Amino acid sequence: MKKDTVAGLFCILMIGCAGPQSGTTTVSGPNAEATMSTTMSDNPFFAETWDTPYGAPPFERIKDEHYAPAFVRGMAEHLREVEAIANATAEPTFDNTIVALERSGEMLSRVALVFFNLASADRTDALGALETEFAPKLSQHQDAIVLNEQLFERVKKVYDTREGPNLNPELNPELNPEQKKLVEDYHRDFVRAGATVKSEDKERLKAINTELATLYTEFSNRLLEENKYLLILDDETQLAGLPQQLRSAGAALANERGHAGKWAYGLVRSSYEPFMSYSTDRKLREQLWRAFHDRGSHDGDHDTRGLVLAIATLRAERARLFGYETHADYAIDGNMAKTPRAVFDLMSKLFKGAKTRMDQERDALQRLLAADLGRKAKLEPWDWRYYAEKQRKLQFDLSDEELKPYFQVDTVRQGAFRTAEKLFGITFEEVTSSVPRYHPDVKAFDVKNADGSHVGLLYVDYFPRPSKRGGAWMDLFRVQRDLGEPRRPIVVNVGNFPAPTDDTPALLGWSEVTTLFHEFGHALHGLLSDVTYPRLAGTSVKRDYVEFPSQLMENWASEPAVLKEYAKHYVTGESIPDDLIAKIRNSSKFNQGFETGEYVAAALLDLQWHTRNLEQMRAIQDVNIFDRETMRTVGMAAEIPPRYYSPYFQHIFADGGYAAGYYVYGWAQVLEADAFHAFEEKGDVFDPELSAKLRKHVFAAGSSQDEMVLYTTFRGAKPSVEPLLKKRGLDGK
Ligand SMILES: [Zn+2]
């Protein structure tokens with residue numbers, strides 16, 4: 001996972017738009033104006049540079065009361081700069097328009113980067129209140145810029161002459177590919193904000209956006225109600241098959257929800273999936289399965305089906321205002337995939353591979369069921385996870401307890417560092433003194449090239465604490481750029497790995513090991529960035545590409561030779577034995593027909609909703625029929641529903657972010673498997689020539705060119721789906 005990162009004008013505001021976390025705080029932020037006068041002189045955000053090692057934020061001098069005045073002043077300054085660009089009388093040029101925008105908003109960027117990092121990694125009530133206060137203000141600030149018509153006029157003039165030759169070559173010299181890309185990205189932002197919508201349609205566009213926002217909230221609220229369902233068990237015999245931990249969790253949930261002395265299981269995946277995997281009571285499994293899949297499809301107050309139709313129809317109408325035939329055309333246009341057709345082709349190939357395996361898995365599970373319940377018994381959807389778990393135990397048992405002693409967090413981190421060293425020739429040296437840190441748990445590393453030149457500063461912050469939100473992520477405190485004086489990045493990796501105790505060091509399970517490598521991949525993408533313009537730096541890439549470098553890095557974590565080097569027993573120091581390595585590698589193929597099938601089916605369902613134009617949308621009457629028809633056309637096995645049916649498909653109906661975009665996970669997986677396969681073909685996972693290309697065209701290149709161009713330049717070919725199918729055991733071999 002990677003949070004939205006800040007680079008230049010628009011991305012600053014993407015962070016703001018991410019909104020407050022989980023609504024735990026209320027507005028009680030200090031009055032910004034009043035605070036400003038008292039802290040004006042010593043507010044660290046008002047300084048243009050920081051006189052600290054590496055120019056890192058002077059955390060010890062930053063106080064909660066410094067943020068609000070810096071946000072207020074930063075936004076005002078930014079608006080002044082933007083208005084000066086928009087109102088300039090000189091002929092618009094790349095320099096006086098686009099570069100000027102890249103240079104604008106320095107103070108706002110400074111405060112936003114520190115603020116949003118700490119609001120996630122070391123949150124106080126004061127930061128929570130500030131976030132609630134400033135998230136909407138930042139969103140309005142962004143609107144004020146992208147809806148500035150004069151500014152768009154000037155951007156458009158630069159855009160229209162970007163290919164040259166232009167009327168006045170002295171003013172607008174020929175643009176290089178990175179500059180052209182930058183102009184196109186800026187132009188697209190304005191277009192997507194509605195700059196080219198006809199003036200008579202602008203009111204309608206506003207109304208649609210407002211209505212969609214209301215419908216999203218309503219969808220979320222109804223789904224929240226539906227998610228409250230509990231399967232309540234009052235007799236201990238009904239817990240047959242459930243491991244002790246799951247029994248305790250059930251008792252705790254029941255107690256919390258007012259059913260003390262009983263056991264309860266709900267529809268969140270951490271409750272639902274284990275129950276379905278372990279409960280021997282087939283009737284109860286069926287009951288919980290039906291509750292899970294019927295969400296949103298009950299007549300009454302919590303029915304979401306009408307909302308689904310309304311949302312998809314409004315999106316189709318809006319796409320037309322923007323000049324696109326369907327919402328998918330609009331949503332995918334700016335991405336690496338570019339067209340719904342490209343997404344559909346790739347997903348169909350993945351599905352085809354998964355389908356054969358899915359059928360084999362079903363036959364194997366059917367045999368287990370028949371051995372259990374008799375020859376006539378037929379496998380039902382609520383039996384899948386239960387018999388798959390039995391199958392897993394028989395064939396792929398991978399116990400975290402067995403693995404953990406080999407994965408002490410520091411040695412795993414060293415393994416990740418060593419991988420980067422072998423690939424890219426960079427080194428990591430811990431800097432202990434004088435570098436500012438925002439918390440005592442944070443470690444700082446100076447990253448250097450082989451010739452000793454500075455690459456960037458990397459912070460790692462791995463252990464949980466009450467002030468940190470859940471999960472793991474990468475973010476930036478400073479974005480790379482090379483405008484006049486070069487700036488190297490400051491990057492952070494945050495995690496919630498198990499902390500060390502008095503008698504054991506921090507030991508990771510396998511999924512935590514891959515998470516560490518994954519986030520480190522994002523960190524490298526930020527650190528190695530070598531572009532001119534901050535807007536295009538590091539991880540500021542298209543959303544169907546951003547998870548590619550991070551997922552790619554996970555491949556080295558499970559590479560046998562790499563494992564042998566870093567996975568050492570924390571007591572004996574011996575390397576991980578071969579049989580455990582074999583288990584790790586085998587387990588990645590378990591149940592992949594099901595996993596891939598249910599994911600791709602949901603991605604295709606998303607695509608089906610959003611590749612219909614307005615007239616076609618209006619003809620759809622019944623959401624459940626639409627879902628079933630789609631699954632029949634796709635060829636989904638009857639025993640496997642898609643990962644989401646529409647009435648509870650939160651990703652695509654509870655907000656706009658992933659509509660026609662649920663495919664991005666699978667797309668990035670195809671890229672990473674194909675890219676790693678390039679190393680396998682060379683017979684050396686550290687092949688120097690390929691590593692150099694990977695650094696130049698992927699890790700250093702940010703979004704300096706079209707992502708498909710970058711990828712094919714690295715790979716020498718377009719991405720192929722075959723390596724992913726092979727990796728998951730879906731290639732029929
Ligand atoms: Zn990620």
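Predicted model only: the values in this text are computed from it and were never measured. When a ligand or atom number is given, it counts from 1 through the structure's own listing order.
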**OP:** Report the C-alpha distance between Asp446 and Tyr54 in whole Å, list the side-chain angles of each, state the deciding distance to 0.1 Å, and finish with yes or no for side chain to side chain donor-acceptor pair (under 3.5 Å).
**Re:** CA-CA 9 Å; Asp446 181 2; Tyr54 309 98; 3.1 Å; yes

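The atom of His522 nearest to the Zn ion (ligand 1) is NE2, with the search restricted to N, O or S atoms. Between the Zn ion (ligand 1) and the N, O or S atoms of Glu547, the shortest distance is to OE1. Of all N/O/S atoms in His518, NE2 sits nearest the Zn ion (ligand 1).
Of the charged side-chain nitrogens involved, none lies within less than 4.0 Å of a carboxylate oxygen, so that Asp544 and Lys338 do not count as a salt-bridged pair. Under the 4.0 Å criterion applied to side-chain N and carboxylate O atoms, Glu672 and Lys727 are assigned as salt-bridge partners.
Between Arg465 and Asp461, the shortest heavy-atom contact is NH2-OD2, 2.7 Å.
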